[in-house]
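A short worksheet on the structure shown next.
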Amino acid sequence: MSDSPAFPHRRWKDHPVPGVDFPDATTFTSDARWMRTACEALSARLDKEIDLLAGIDIGGLGFAGALALRNGLGFIDIRKVGSIRADVVRSLANNYELGNGIALSKGQTLQGREVAIIDDCLMTGGTALATAQLLRRLGARCTHALFVFELEGLGGRERLTQGGIAVHTLQQLPPTQPK
């Protein structure tokens, strides 16, 4: 982490819960130089065995797509069921593998694949751990997760480590924006 620059970002006060200020990466992703810097730093942390990236919606999708293109890797999107309208989930449920609040389109070839999870921010680690569990259930090996930001003290790193996932982050931040 110490070799990564401090990425410019804004904080969404009390989001997603009171007492947590979410760091919004979209304040720098529109700048090609910052996006390249983030992708280069994330790429340096990718295990050489990885052949597929799983981007978590919504913040991880752009980073995973960019990293996949940069590194010649495959890419899949992981959807948070809560972000899909309930009527859409009901009508499309047969097209998705569901697990602990996340969904992945069926038909993915995951057996034996080495998959890394990509997201913009690590907080409690719940979504990333659910992602790893679903991918593993479908035959993938998933032992790495990469994040731009990590909010300190929310237990995400510990939760993922206990789940057998190495955590790589570019920048650690306090859970609330300093005044």
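For this chain, numbers begin at 1 and follow the sequence in order.
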Is the shortest heavy-atom distance from the side chain of [X] to the side chain of [Y] under 4.5 Å?
X: R45; Y: L170; answer: yes
X: V148; Y: D119; answer: no
X: T131; Y: L104; answer: no
X: I102; Y: T127; answer: yes
X: F75; Y: L61; answer: yes
X: L173; Y: F22; answer: no
X: L135; Y: L110; answer: yes
X: F149; Y: T169; answer: no

All heavy atoms of P8 vs all of T27, minimum pair found to be O-OG1, 3.2 Å
Give the minimum heavy-atom separation between L73 and D51, together with the two atoms involved. CD2-CA, 3.8 Å
Residues in ring pair (Phe, Tyr, Trp, His ring centres under 6.0 Å) with F7, at least two apart? F28, W34
Could you list the residues that satisfy side chain to side chain donor-acceptor pair (under 3.5 Å) with H168, not counting sequence neighbours? H144
Sequence neighbours excluded, which residues qualify as salt bridge (charged side-chain N to carboxylate O under 4.0 Å, His left out) partners of [X]?
X: R141; value: E114
X: R11; value: none
X: D14; value: none
X: D31; value: R33

Using the salt bridge (charged side-chain N to carboxylate O under 4.0 Å, His left out) rule, collect all pairs that involve residues 16-29, keeping only residues at least two apart or in two chains. R10-D24
Listed pairs under 3.5 Å, donor-acceptor, residues 160-167 side chains, sequence neighbours left out:
unit_1 : atom_1 : unit_2 : atom_2 : d
T161   : OG1    : R157   : O      : 2.8

Sequence neighbours excluded, which residues qualify as side-chain contact (heavy atoms from CB on, under 4.5 Å) partners of [X]?
X: E40; answer: R36, R70
X: E158; answer: none
X: Q111; answer: none
X: L154; answer: V20, M123, L151, P175

From CA spacing to verdict: side-chain contact (heavy atoms from CB on, under 4.5 Å), I76, L52: CA-CA 7 Å; I76 58 174; L52 184 64; 4.2 Å; yes
Are F63 and L146 joined in one hydrophobic group, where the rule is that I, L, V, M, F, W and Y side chains link up if heavy atoms are under 4.5 Å apart? yes
Cluster check L46, M35: I/L/V/M/F/W/Y, side chain < 4.5 angstrom: yes
Judged by atom type as modelled, is there a donor-acceptor pair below 3.5 Å linking the side chain of K80 to the main-chain atoms of D57? yes
